[in-house]
Undergrad: 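Next up is a structure, given as structure tokens.
Within every chain, numbering begins at 1; the chains are lettered A, B, ... in the order of the sequence lines, protein sequences first and strands thereafter. The model shown is predicted, which means the values in this text are computed figures rather than measured ones. Values below: every heavy atom of this structure, side chains too, minus hydrogens, waters and symmetry copies.
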Amino acid sequence: MRTADLELDLDVFAGPFDLLLAIVLREEISLLEVELGAIVLAYMEHLDEEGELDLEAATEFLVLIAALLELKSRLMLPAEEEPELDLGPEEAADELLARMLEYRRYKDAGAELSRRFADNRPYLYRSAPLPPELRRISLEASRQAYDPERLGLALGDLLTPPPVVDTSHIRPTVSLELRLEVLRGLLLRASRIDFDEAFGAEDRLTQAVTIFALLEMHKKGEATWSQRENFGPIEITGERRGAGSGAAR
Amino acid sequence: MTEGGAAELARVVEALLFLSPDPVPVGDLIDACEVGEVQIRNALDVLAEDLAPGRRGLVLREVAGGFVLATEPAAEHAARRLLARPKTPPLTAAQAETLAIVAYLQPVSRPEIARIRGVSSESAVQTLGERGLIEEAGRSRFGAVIYRTTELFERLFGLGSLEDLPDVSAFDPTPEDAAELRERLLRAGEQRAAP
Amino acid sequence: MTEGGAAELARVVEALLFLSPDPVPVGDLIDACEVGEVQIRNALDVLAEDLAPGRRGLVLREVAGGFVLATEPAAEHAARRLLARPKTPPLTAAQAETLAIVAYLQPVSRPEIARIRGVSSESAVQTLGERGLIEEAGRSRFGAVIYRTTELFERLFGLGSLEDLPDVSAFDPTPEDAAELRERLLRAGEQRAAP
């Protein structure tokens, strides 16, 4: 017996160990003598027994057949003189055996789990939302969990304006953001604006961009406008701000 | 159907009502159990008897949509203790910012929160709502939901009232700006959002 | 506590288990009901007796570290009809093996699973994750994701805890089997060596 063959098994054989088990236990012949066609048939049969022919099984099969092809081609090449090997045939067999036994342990444990799963499947559990009165968090049971300073800090962050970028070298253009700012500024002071009154003196481009800004605000629910007739006055109405600023001081 | 049959069917009906979160119409019970209406009615009678008030932790109720199991009122106190525990995991930065905006500016709309933060704040608003820290306070004229903080918020932050919120000037990087807090927040937010 | 007290507490416990979406540990029942452990254990005994198999549509089960109500198996057919809930598919052999490896060796990495099974087990691991039976539990020293079983696993497999898994050595082949396998391996090798 050439130990190299067994070593080769350990290195190259990447197929499912249950197949290897089946081949070794049932067929009792060496891999070298197995027609690859027979392997295909044996594996198809194996899949049949499993009752699954899914993508995973197909992938496993491809990996297996590729490994076997390589294994067989190596076996068929004339053997070179082998250098001294660490593993004797008995030890190599033991190592392979240990791996097969370890595999078999979990295969059998898996079968036991499958049985348990089937046994427990008829028990069904309730999955329903809590009744409304329990969904509310109980006020009495609540204790302080947060530091109010956290809110002050967060607000401070929000009040920090971003660093100002010097744009003096850029030729003046009409920016949508600026028009939005202008509109919002006006709407902060007055709930209604007449478009002509506010923007009639601006150039056409600025007026056009302002209209565009209005569309944007309308989309966001910040403002709406009405025009009773074509080319008639446009009245802009802003969203009314909440009264006061709460506890802000 | 025999007596035993009615008792057996009552058990199946109990199981069905247990699993169903909504009231089950008699017709659905008939279909599921593959029996006639008389059998189902008998089984429901047996079940109503078994689950008569004071006998078990559950009672059988007939409501508009059909039959439903409910817990008996005596268990409510314990149920509240078991299930209605306040959830107070640490606030994320997004949640803290959103909550600060609602706390200081309330009532405040979601578009406004988004403008101040410079990002859509839907998920933070939703989480704060689910935790009971903020609640809806109606709608703006434009249909946007507006928010305010809750009593639970004050409790969880140890505040006697909203007046006890920390003075923001202590955290204010631009205290010389006299403009109203809301206006300054919006302005800073828009500057952040601007490219 | 009087007999009547235990029965009353059993009703409250039944209501709590009905409302709770997950198995409830005894400690939580003690806290919620504001009684001692002895009383809760007594109440659970009373409830287990009331809900003994064949008595009602519900049974009391101890799974995943707590107590939970479930429907009795006899109602399964009607329940699946009512809720249009298809039977969960059984585990494939690949899933069962992978799950066994995770259950017994957890936390365990995917390369380790692949080493034992002799094949890459990506798809089985993924499916078990999607079914909620295993979950990621961080990364190994070498950066591989490691897995453990979930609470749902314990629930669906009727395990009070992982301790309830049968001893894995129970699945080891007998020494005779092992010896025979070794013999055949050696024989197969010899045949191959002498073509």
Side-chain angles (χ1 to χ4, degrees), chain B residues 4-35 39-40 43-44 46-47 49-60 66-85, chain C residues 4-35 39-40 43-44 46-47 49-60 66-85:
Chain B
E8 203 173 300
L9 191 55
R11 300 214 310 268
V12 174
V13 169
E14 184 180 30
L16 296 183
L17 298 183
F18 169 79
L19 291 173
S20 178
D22 300 310
V24 186
V26 170
D28 290 4
L29 291 174
I30 292 171
D31 290 348
C33 298
E34 300 169 280
V35 296
Q39 278 97 322
I40 286 292
L44 282 166
V46 172
L47 189 60
E49 176 72 20
D50 289 345
L51 301 181
R55 298 189 74 162
R56 307 211 49 85
L58 308 178
V59 291
L60 177 68
F67 288 87
V68 68
L69 292 184
T71 54
E72 62 158 14
E76 193 180 325
H77 177 69
R80 207 173 268 295
R81 287 179 58 90
L82 178 70
L83 299 165
R85 291 198 188 133
Chain C
E8 203 174 301
L9 191 54
R11 298 214 313 268
V12 173
V13 170
E14 184 178 32
L16 294 182
L17 299 185
F18 174 80
L19 291 172
S20 177
D22 300 307
V24 187
V26 169
D28 289 4
L29 289 174
I30 293 171
D31 291 348
C33 299
E34 300 168 280
V35 296
Q39 279 97 322
I40 284 293
L44 283 166
V46 170
L47 189 59
E49 176 71 22
D50 288 347
L51 301 182
R55 297 190 75 159
R56 307 212 49 86
L58 309 178
V59 291
L60 177 67
F67 287 87
V68 66
L69 296 180
T71 58
E72 61 155 11
E76 187 194 0
H77 178 69
R80 295 203 189 276
R81 279 178 65 90
L82 178 73
L83 302 172
R85 218 191 269 176

Undergrad: Between the side chain of Arg81(B) and the main-chain N/O of Asp31(C), is any donor-acceptor distance below 3.5 Å?
TA: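 Confirmed, Arg81(B) side chain pairs with Asp31(C) backbone.
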
Undergrad: Sort Val24(B) into side chain, backbone, both or neither according to what part of it lies under 4.5 angstrom from a heavy atom of chain C.
TA: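 For Val24(B), the contact with chain C is made by the side chain alone.
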
Undergrad: Could you walk me through whether Leu19(B) and Leu83(C) pass the side chain to side chain contact (heavy atoms under 4.5 Å, CB included) test, one step at a time?
TA: CA-CA 8 Å; Leu19(B) 291 173; Leu83(C) 302 172; 3.8 Å; yes

Undergrad: Between Val13(C), Leu29(C), Leu16(C), which shows the greatest number of heavy-atom pairs under 4.5 Å with chain B?
TA: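 Most pairs with chain B among the choices: Leu16(C).
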
Undergrad: Which heavy atom of Ala74(C) sits nearest a heavy atom of Val12(B), and at what distance?
TA: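 Of all heavy-atom pairs spanning Ala74(C) and Val12(B), the closest is O-CG2, 4.5 Å.
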
Undergrad: Between Ala70(C) and chain B, with a heavy-atom cut-off of 4.5 Å, which part of the residue counts as in contact: side chain, backbone, both or neither?
TA: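 Only the backbone of Ala70(C) comes within 4.5 Å of chain B.
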
Undergrad: Is Leu69(B) close to chain C through its backbone or its side chain, or both, or neither, when contacts mean heavy atoms under 4.5 Å?
TA: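 For Leu69(B), backbone and side chain are both near chain C.
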
Undergrad: Report, by ascending residue number, the residues of residues 50-60 of chain B in heavy-atom contact with chain C at a distance under 4.5 Å; give 'none' if the set is empty.
TA: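 Under the 4.5 Å heavy-atom cut-off, Asp50(B), Leu51(B), Gly54(B), Arg55(B), Arg56(B), Gly57(B), Leu58(B) qualify.
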
Undergrad: Write down the atom of Ala75(B), the atom of Ala15(C), and the distance for their closest heavy-atom approach.
TA: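 Nearest heavy atoms, Ala75(B) then Ala15(C): CB-CB, 3.4 Å.
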
